[in-house]
**Student:** 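One structure coming up, written as structure tokens, with questions to follow.
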Amino acid sequence: MSFYFVPYLNFNGSALEAFTKYQSIFGGIFTTVQRFSDTPMGEGLDASESQRMMHIALEIEPGYTLMASDILPSSGQTIIQGNNHYISLNAEDEAQATHWYEGLSEGGVVEMPLQRVPWGALFAIFTDAYGIKWMINCDNV
């Protein structure tokens, strides 16, 4: 039996914007871009909420998909940013690690810049401009 983990993120109206940026960094294809207005769930929502993402999926490579949705404040949903989760990326080489770090950390808050660490890798920890926490590790340096 094979399986893979799929990170699923929630946003407060910026899922499409965030995923467009993520696609510019990682590549891949959108396999789903579905607004609430595309479904019966959008009926009765105001114009701004109906345009939010009900579901968006970015397949970066086969077996590596990032998914998300926007919350609906009118339904009582809220975003609570926490420090109990990160998306950890393992880069193939220093160029890829640098590309990911520069693109994802832009406009965000850097906790640890991309640097060599005691275990011999390049490593970084930061929160992107959309409140998503990331770690980048590159052992091939």
Side-chain angles (χ1 to χ4, degrees), residues 1-117 119-141:
M1 177 169 104
S2 66
F3 67 94
Y4 59 95
F5 291 95
V6 176
Y8 201 98
L9 309 174
N10 285 315
F11 294 88
N12 189 10
S14 59
L16 181 59
E17 178 185 341
F19 269 56
T20 300
K21 176 152 185 166
Y22 298 159
Q23 183 187 42
S24 76
I25 295 164
F26 299 123
I29 60 166
F30 288 112
T31 56
T32 306
V33 178
Q34 187 173 40
R35 297 177 190 280
F36 283 98
S37 63
D38 298 333
T39 73
M41 292 180 69
E43 293 176 19
L45 295 177
D46 70 29
S48 65
E49 281 196 342
S50 72
Q51 292 305 300
R52 288 178 175 227
M53 290 293 111
M54 187 180 93
H55 182 69
I56 187 167
L58 175 63
E59 184 180 51
I60 297 166
E61 290 184 12
Y64 295 93
T65 300
L66 187 60
M67 297 181 183
S69 60
D70 284 314
I71 63 160
L72 293 175
S74 66
S75 296
Q77 299 172 341
T78 60
I79 293 284
I80 300 171
Q81 301 296 342
N83 61 1
N84 60 341
H85 65 280
Y86 289 85
I87 298 175
S88 182
L89 304 172
N90 291 307
E92 291 182 9
D93 55 38
E94 186 170 346
Q96 186 178 53
T98 300
H99 174 70
W100 287 350
Y101 174 74
E102 289 174 353
L104 290 169
S105 66
E106 180 183 17
V109 177
V110 174
E111 185 177 331
M112 174 189 278
L114 188 64
Q115 61 186 290
R116 294 193 189 281
V117 289
W119 59 90
L122 280 175
F123 186 74
I125 303 173
F126 55 91
T127 303
D128 71 16
Y130 307 101
I132 304 302
K133 296 182 174 297
W134 298 86
M135 293 179 179
I136 295 176
N137 189 80
C138 179
D139 292 319
N140 299 324
V141 291

**Student:** Which atoms form the tightest heavy-atom contact between Glu49 and Asp46, and what is the distance?
**Tutor:** N-OD1, 2.8 Å
**Student:** How long is the straight-line distance from CZ of Phe19 back to OG of Ser24, given to the nearest 0.5 Å?
**Tutor:**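 So the OG of Ser24 and the CZ of Phe19 are separated by 12.5 Å.
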**Student:** Counting neighbours of CD on Gln81 that are heavy atoms of other residues, nucleotides or ligands and sit closer than 6.0 Å, is the number greater than 12?
**Tutor:** yes
**Student:** Using side chain to side chain donor-acceptor pair (under 3.5 Å) as the criterion, list what pairs up with Ser14, not counting sequence neighbours.
**Tutor:** none
**Student:** Who passes side chain to side chain donor-acceptor pair (under 3.5 Å) against Gln51, sequence neighbours left out?
**Tutor:** Ser37
**Student:** Which heavy-atom pair separates Phe11 from Ala18 by the least distance, and what is that distance?
**Tutor:**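 In terms of heavy atoms, the two residues are closest at CE2-CB, 3.6 Å.
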**Student:** Quick one: does any side-chain atom of Thr39 pair with a main-chain N or O of Met41 as donor and acceptor, under 3.5 Å?
**Tutor:**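 Yes, the answer is positive, given that a donor and an acceptor are paired below the 3.5 Å cut-off.
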**Student:** Roughly how far, to the nearest 0.5 Å, is the CG atom of Leu89 from the SG atom of Cys138?
**Tutor:** 11.5 Å
**Student:** Would you give the length of the straight line joining atom CG of Leu72 to atom CG of Leu45, rounded to the nearest 0.5 angstrom?
**Tutor:**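 Those atoms lie 5.5 Å apart.
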**Student:** When rounded to the nearest 0.5 angstrom, what is the spacing between CZ in Phe126 and CG in Leu114?
**Tutor:**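 With rounding to 0.5 Å, CZ (Phe126) is 8.5 Å from CG (Leu114).
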**Student:** Under 3.5 Å, which donor-acceptor pairs link side chains of residues 59-67 to any protein atom two or more places apart or in another chain?
**Tutor:**
none

**Student:** Looking only at heavy atoms, which two atoms of Ser50 and Gly42 are closest? And how far apart?
**Tutor:** CB-O, 4.3 Å
**Student:** Could you check whether any side-chain N or O of Asn10 sits under 3.5 Å from a backbone N or O of Asp70, counting only pairs where one atom can act as donor and the other as acceptor?
**Tutor:** no
**Student:** What is the distance from atom CG of Asp93 to atom NE2 of His99, rounded to the nearest 0.5 Å?
**Tutor:** 11.5 Å
**Student:** When the side chains of residues 102-113 are checked against the rest of the protein, which donor-acceptor pairs come out under 3.5 Å, sequence neighbours left out?
**Tutor:**
{"residue": "Ser105", "atom": "OG", "partner": "Tyr101", "partner atom": "O", "Å": "2.6"}
{"residue": "Glu106", "atom": "OE1", "partner": "Lys21", "partner atom": "NZ", "Å": "3.0"}
{"residue": "Glu111", "atom": "OE1", "partner": "Tyr86", "partner atom": "OH", "Å": "3.4"}

**Student:** Are Glu94 and Arg116 close enough for a salt bridge, meaning some N to O gap below 4.0 Å?
**Tutor:** yes
**Student:** Taking side-chain contact (heavy atoms from CB on, under 4.5 Å) as the definition, give me every residue that meets it alongside Ala121, ordered by chain and number, with sequence neighbours left out.
**Tutor:** Val117, Trp119, Asn137, Asp139
**Student:** Once you measure the plane-to-plane angle for His55 and Tyr8, does it fall in the parallel (<30°), tilted (30-60°) or perpendicular (>60°) bin?
**Tutor:** parallel
**Student:** Do the side chains of Met53 and Arg35 get nearer than 4.5 Å, heavy atoms only?
**Tutor:** yes
**Student:** Once rounded to the nearest 0.5 Å, what's the spacing between atom OH of Tyr130 and atom CG of Asn12?
**Tutor:** 13.5 Å
**Student:** Are the side chains of Leu122 and Gln115 in contact, using a 4.5 Å heavy-atom criterion?
**Tutor:**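 No, every pair of side-chain atoms sits at 4.5 Å or beyond.
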**Student:** Do Leu16 and Ile56 have side-chain heavy atoms sitting under 4.5 Å apart?
**Tutor:** yes
**Student:** Would a distance-only check, ignoring hydrogens and angles, find a side-chain to backbone donor-acceptor pair under 3.5 Å from Gln23 to Leu58?
**Tutor:** no
**Student:** Anything under 30° is parallel, anything over 60° is perpendicular, the rest tilted; go ahead and classify Trp134 against Tyr22.
**Tutor:** perpendicular
**Student:** Any sub-3.5 Å donor-acceptor pair from Arg52's side-chain atoms to Ile71's backbone N or O?
**Tutor:**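 Here the side-chain-to-backbone pair exists.
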**Student:** Taking all non-hydrogen atoms of both residues, which atom of Val141 and which atom of Gly120 are closest, and how far apart?
**Tutor:**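 Minimum heavy-atom contact is CG2-O, 3.3 Å.
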**Student:** Is there a side chain to side chain contact (heavy atoms under 4.5 Å, CB included) between Leu9 and Ile87? Walk through the geometry before answering.
**Tutor:** CA-CA 10 Å; Leu9 309 174; Ile87 298 175; 3.9 Å; yes
**Student:** Considering residues at least two apart in sequence or located in another chain, which fulfil the side chain to side chain donor-acceptor pair (under 3.5 Å) criterion with Thr127?
**Tutor:** Lys133
